[in-house]
Amino acid sequence: EPNKLKTVDALIARAAFITVSLQELEEQLNVDGWVEEYQNGRNQSGLKKSAAAEVHISLTKNLSTIMKQLIEMVPPAAQKESRLMAMMGK
């Protein structure tokens, strides 16, 4: 099915991009940390999740969704033999 193949190719490309982006974010988070200080006016300050942490969380959720979509596209017979499925504990 050409349409299904195009969809799979697009999902794989998106998953690859997100994976590389997550690796880069993880390097940044290892250096800068997951929290940053904030200051709202004179009297309100504290710590909050860093922008990089927020993006990391969002991309991780997106990657999980994409992986689920890809797994669901695998024919049932092939799913039994899939190492990915075994790794995911299914």
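Along the sequence shown, residues carry numbers from 1.
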Non-neighbouring partners of Ser64 that pass side chain to side chain contact (heavy atoms under 4.5 Å, CB included), sequence neighbours left out: none

Side chain to side chain contact (heavy atoms under 4.5 Å, CB included) against Asn62, all qualifying residues, sequence neighbours excluded: Ile18, Ser58, Leu59

All pairs passing side-chain hydrogen bond (donor to acceptor under 3.5 Å, both in side chains) where residues 3-24 contributes a residue, at least two apart: none

Pairs meeting criterion side-chain hydrogen bond (donor to acceptor under 3.5 Å, both in side chains) with involvement of residues 38-55, two or more places apart: none

From CG (Leu11) to CD1 (Ile66), nearest 0.5 Å: 6.0 Å

Single-linkage hydrophobic cluster Ile12~Leu63, side-chain heavy atoms < 4.5 angstrom: yes

same_hphob_cluster(Leu22, Val55) at 4.5 Å side-chain heavy-atom cutoff: yes

Pair listing, ring-ring contact (aromatic ring centres under 6.0 Å, His included) test, anchored in residues 3-28, at least two apart: none

Any residue meeting salt bridge (charged side-chain N to carboxylate O under 4.0 Å, His left out) with Glu26, in chain and number order, not counting sequence neighbours: none

Check: Ile71 and Lys68 side chains under 4.5 Å, non-hydrogen atoms: no

Val8 side chain near Met73 side chain, heavy-atom distance below 4.5 Å: yes

